[in-house]
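In what follows, a single structure is set out as structure tokens and then discussed.
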Amino acid sequence: MTLEHQRRTHRCGELRETDAGTEVVLAGWVDVTRDQGRGLVFIDLRDRSGITQAVVEATPDGDGESESMRIARSLRREDVVILRGVVRPRAGGANPRLATGGIEIAASEVAILNRADHPPILPDDEEAARMDEEVRLRNRHIDLRRPRMQSILGLRSRVTRLAREHFQDRGFLEVETPLLIRSTPEGARDFVVPARLHRGEFYALPQSPQLFKQILMVAGCDRYMQICRCLRDEDPRADRQAEFSQIDLELSFTDRDEVLEIVGGFVRRLWKEILDVEVPELVRMSWADAMNRYGIDRPDLRFGLELVDLDDLAAQTEFGVFRDALAAEHRGRKGVVKAMRVPGGAASLTRKQIDALTEFAKGFGLGGLPTTKVAEQGFETGIAKFLAPIEAPLRERLGLETGDLVVFGPGRWETVCKALGEVRLKLGRELGQIDESRWEFLWVVDFPMFEFDEDEERWVALHHPFTAPLPGQAPLLESDPGNCLSAGYDLVVNGSEIAGGSIRIHQQAIQEKVFELIGLSAEEAESKFGFLLRALRHGAPPHGGIAFGLDRLVMHLAGTENIRDVIAFPKTQSGGDLLCDAPSAIDAAQLKELGIDLAGES
RNA sequence: GGGGCGGUAGCUCAAUUGGUUAGAGUACCGGCCUGUCACGCCGGUGGUUGCGGGUUCGAGUCCCGUCCGCCUCGCCA
């Protein structure tokens, strides 16, 4: 049998000095060749597992050019070849940069499985880092050959394998849920698919399997898991795609503590097995604490720069900005004054940087960003004169030291939290306060059930409208929905939300009440979510669950900040697939069959 | 929908105030080279400057429009 029809015996990253003397057959892509002249050609052969150097040599008596030598000299990058030879220690010294650097294959026979056209890009990690991502995405079949990308694909595969193993070992049943479902109100914009057999009607692609996994609980599945695709027609970000994956879980007869315990165990196992990092028992923080101290519902605990409440002290000053902020009231909530101590900030931040920070904060709705510097003799610059009367308690509360900068955020609570939270993150990054080697996990719990939507002038569910109130909080749905806490929870690592879920409403009456509060009439609720309400009537167990953002999880484990790096075939910011050039126009015949007329350009 | 940055050879980039035939590295093609591994040396091919329009004697460069990519605000139950 000729070489090109034989099977490889090893992969390109496997052979070591201990294999010396073995005859092997390797197949792969030509990474590069080094032609030393008529008598000697090196071939670096690459597959997913690594690179092995093969050598084609003229026979010592030099009886002219062999067929293998002729082929070897003709090889070009990314040609697909197979070769046979004997493993031997390197004659020319080891290459410490390769795992196989101690050996080489003395190739006796080389055959071409497939010639490659001149490749538009090369699968080189260093070049890829400089390359326009557009070019990489357009040539994804080559980009994915890079060692880094192969390694991430492998990592992602290990994560999904571990998830299936971990949860299925604990009684979770893997169940698939439909992709063509009913469009539902609330939440993100749906992707929509025309229904040929029902002219004028549409399926929606699922934003998540939420309702189906709840119905699986009603159906007695007890514990469900799925690695599923979710689709939300919203603008992407660096860590967000319209099409993404979740590790989706749901449990019956459970409570919040059990869910957090099970999920915490999985996360600790993941970090241990993938990164060999011991993650301690996960801490919990209330949403209110997170917002007040970090200005955000997913705090990055790798650094300080915490926000401190100053309402009482600010009220003792004559500073109009503080007094106005505190006097203002919005939807029953008084304005606040918060402050942040920036250690050493008086020296490390220039006037120009502070001005830029002010503009940055204004971008989040803050009226301004008063600051002052802490000197030996008192406060200097900025609003120092207003602060003089409260100097001693202010120093104590913020732990101020000479050389610090203090940043103040007066205004509506939501605005101050958002703006100072963003200022905190920006300063943390720019002042090099973030220890990239740390992993800071926490559960954020005790979310409010609702937040008020100023534009639509109605309550909207902070999590989703199937989230249950915390035990004992249900009466507040009637009396004070704005202060009713939910049984929702988010898992946060290093300021990034990697999982979120809740204990669900399993009683129809409470579900109807929540629908009513978010402005969904009984008729609408019945028409949009009737199948869920009907299920809740037919014996729904208490249940709850969670979903991991798989892509983001892999981003953290892989150490990348680009979600496209962890998705084999990602989309661009405008939702395009540059490899297959989707989306695209479709035939008039297809449109006709679907009963769709396109409106003219508007 | 808003804001910012970018688009010149296959790839990464350069091109003075608007001025000759748009250059370099690399890749690619040809030749040479028996221990390379970012191989080396010699020679060569390669351009709708994203696209369309305008100003100008003359546009990669200035103006208008548009497309595409990235970041970001809004949005993402």
Side-chain angles (χ1 to χ4, degrees), chain A residues 31-44 51-60 62 69 73-74 76-78 90-98 100-101 104 106 116-124 126-139 142-143 184-190 207-208 210-211 230-242 244 360 362-365 418 422 447 449-451 453 455 459-467 486 488 497 500-502 514-515 518 520 529 547 549 561-562 564 571-576 578 581:
Chain A
D31 198 61
V32 71
T33 61
R34 289 176 295 280
D35 182 350
Q36 298 301 122
R38 275 197 200 282
L40 182 68
V41 178
F42 295 100
I43 305 165
D44 283 351
I51 289 177
T52 296
Q53 172 172 289
V55 194
V56 180
E57 291 168 297
T59 51
M69 179 62 76
R73 295 192 70 223
S74 77
R76 294 295 175 265
R77 291 180 174 216
E78 303 311 311
R90 286 219 183 171
N95 180 350
R97 294 178 60 189
L98 289 180
T100 63
E104 64 189 5
D117 281 356
H118 175 210
I121 63 173
L122 290 172
D124 182 297
E126 280 173 30
E127 278 190 39
R130 291 192 300 269
M131 214 178 282
D132 264 10
E133 200 175 1
E134 186 176 354
V135 179
R136 292 174 38 205
L137 292 176
R138 192 161 277 128
N139 297 284
I142 300 174
D143 192 45
T184 54
E186 296 290 302
R189 194 178 290 118
D190 280 327
Q207 297 174 28
S208 80
Q210 182 61 35
L211 297 173
C230 303
L231 301 112
R232 297 177 188 173
D233 191 2
E234 301 290 350
D235 289 10
R237 284 286 185 282
D239 64 349
R240 213 169 75 192
Q241 287 259 301
F244 64 102
F360 177 75
K362 283 181 177 173
F364 296 98
K418 171 76 176 166
E422 295 289 346
F447 288 84
M449 286 285 287
F450 309 102
E451 64 185 344
D453 187 311
D455 296 331
W459 293 107
V460 295
L462 195 71
H463 198 67
H464 58 52
F466 318 107
T467 297
S486 86
E497 181 196 328
S502 62
V514 168
F515 282 156
I518 63 173
L520 209 60
F529 297 112
E561 290 183 354
N562 178 351
R564 293 173 298 279
K571 290 181 175 54
T572 67
Q573 285 236 337
S574 58
L578 297 182
D581 199 23

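Naming convention: chains lettered A, B, ... in sequence-line order (proteins, then strands); numbering from 1 in each chain.
Remark: the separation of the P atoms in B:U20 and B:G65 is 29 Å, to the nearest Å. To the nearest whole angstrom, the two P atoms, one in B:U55 and one in B:C64, are 15 Å apart. Taking atom P in both B:U12 and B:G50, one finds a spacing of 14 Å when rounded to whole Å. To the nearest whole angstrom, the two P atoms, one in B:G46 and one in B:G3, are 43 Å apart. Comparing the P positions of B:G1 and B:U66 gives an interatomic distance of 12 Å, to the nearest angstrom. Atom name P, nucleotides B:U8 and B:U49: the rounded distance is 11 Å, in whole Å. For B:A38 and B:U56, the C1' atoms lie 47 Å apart once the distance is rounded to whole Å. Across the C1' atoms, B:G10 and B:C29 are found 13 Å apart, a figure rounded to whole Å.
Regarding contacts with the backbone of B:C29, a side-chain N or O of A:Arg76 is found under 4.0 angstrom from either OP1 or OP2. Of the side-chain N and O atoms in A:Arg240, none sit less than 4.0 angstrom from OP1 or OP2 of B:C75. Look at A:Arg97 and you won't find any side-chain N or O under 4.0 angstrom from OP1 or OP2 of B:U36.
The salt bridge (charged side-chain N to carboxylate O under 4.0 Å, His left out) check on A:Glu451 picks up nothing, with sequence neighbours excluded.
Distance A:Glu422 CD to B:G74 P: 8 Å, rounded to the nearest Å. A:Ile51 places its CD1 atom 18 Å from the P atom of B:U36, with the value rounded to the nearest Å. Atom P of nucleotide B:C37 and atom CD of A:Gln36 are separated by 8 Å, given to the nearest angstrom. As a whole-Å value, the separation of A:Glu497 CD from B:C76 P is 13 Å. In this structure, A:Met131 places its CE atom 13 Å from C1' of B:C13, rounding to the nearest Å. Here the P atom of nucleotide B:U26 and the CG atom of A:Asp124 are 15 Å apart, to the nearest Å. In this structure, the CG atom of A:Asn95 is 11 Å from the C1' atom of B:A38, given to the nearest Å. When the P atom of B:C75 is taken as reference, atom CG of A:Asp239 falls 16 Å away, rounded to whole Å.
Side-chain to base pairing of A:Gln53 with B:U36: one donor and one acceptor N or O lie within less than 3.5 Å of each other. A donor-acceptor contact under 3.5 Å is not formed by the side chain of A:Asp235 with the base of B:C76.
With hydrogens and angles disregarded, a donor-acceptor distance shorter than 3.5 Å links the side chain of A:Gln241 to the backbone of A:Lys571. Here the side chain of A:Arg189 pairs a donor or acceptor atom with the backbone of A:Asp233 at under 3.5 angstrom. With hydrogens and angles ignored, the 3.5 Å screen pairs a side-chain donor or acceptor of A:Arg90 with a backbone N or O of A:Gly101. Without hydrogens or angle criteria, A:Thr33 side chain to A:Asp35 main chain gives no donor-acceptor distance under 3.5 Å.
Here the closest heavy-atom approach between residue A:Ser208 and residue A:Cys230 is recorded as CA-SG, 3.8 Å. Scanning all heavy atoms of the two residues, the minimum distance from A:Pro465 to A:Phe515 falls at CB-CE2, 4.1 Å. Of all the heavy atoms in A:Gln573 and A:Pro236, the pair that sits closest is O-CD, 3.2 Å.
Both A:Arg189 and A:His118 lie near RNA chain B, and the one whose nearest nucleotide falls closer to the 5' end is A:His118. Looking at which nucleotide of RNA chain B each of A:Gly363 and A:Gln207 is closest to, the 5′-most match is held by A:Gly363.
Between A:Phe360 and A:Phe364, the ring-plane angle classifies as perpendicular under the 30° and 60° cut-offs. The aromatic rings of A:Trp459 and A:Phe450 are tilted relative to each other, their planes meeting at an angle between 30° and 60°.
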Give each protein N/O atom lying under 3.5 Å from an N/O atom of nucleotides 67-70 of chain B, with the pair distance.
unit_1	atom_1	unit_2	atom_2	d
B:C68	O2'	A:Glu134	OE2	3.0
B:G69	OP1	A:Thr572	OG1	2.7
B:G69	OP1	A:Ser574	OG	3.0
B:G69	OP2	A:Ser574	OG	2.6
B:G69	O4'	A:Glu134	OE1	3.2
B:C70	OP1	A:Gln573	N	3.4
B:C70	OP2	A:Gln573	N	2.7
B:C70	O3'	A:Arg564	NH2	3.0

Could you list, one pair per line, each protein nitrogen or oxygen that sits under 3.5 Å from a nitrogen or oxygen of nucleotides 43-46 of chain B, together with the distance?
none

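Note on A:Pro465: a base of the nucleic acid sits closer than 4.0 angstrom, heavy atoms only. Among the heavy atoms of the strands lying under 4.0 Å from A:Ala188 are primed sugar atoms or P, OP1, OP2 only; no base atom is included. No engagement by A:Gly101 is indicated, since no non-hydrogen atom pair under 4.0 Å with the nucleic acid exists. Across all strands shown, A:Glu126 has no heavy atoms under 4.0 Å from either base or sugar-phosphate atoms. Looking at heavy-atom distances under 4.0 Å, A:Arg130 makes contact with sugar-phosphate atoms alone, never a base. Counting any heavy atom pair closer than 4.0 Å across all strands shown, A:Val135 reaches sugar-phosphate atoms only and no base atom. Within 4.0 Å (heavy atoms only), A:Gln241 reaches no atom of the nucleic acid at all. Residue contacts for A:Leu98: at a heavy-atom cut-off of 4.0 Å it reaches no nucleic acid atom on any strand shown.
With rounding to the nearest 0.5 Å, the separation of CZ in A:Arg73 from CD in A:Gln36 is 11.0 Å.
Base pairing of B:U56: no nucleotide in any strand meets the Watson-Crick or G-U wobble criterion (both distances under 3.5 Å). Under the Watson-Crick and G-U wobble criteria, each requiring two contacts below 3.5 Å, nucleotide B:A9 is left unpaired. Using N1 to N3 plus N6-O4 or O6-N4 for Watson-Crick, or N1-O2 and O6-N3 for G-U wobble, each under 3.5 Å, B:U36 pairs with nothing. Here B:G18 sits opposite no nucleotide as a Watson-Crick or G-U wobble pair (both hydrogen-bonding atom distances under 3.5 Å).
In this model, a donor atom of one side chain and an acceptor atom of the other lie less than 3.5 Å apart for A:Asp190 and A:Gln207.
In the set B:G35, B:C11, B:C33, the nucleotide with an atom closest to the side chain of A:Asp35 is B:C33.
At least one side-chain heavy atom of A:Val55 sits under 4.5 Å from a side-chain heavy atom of A:Leu40.
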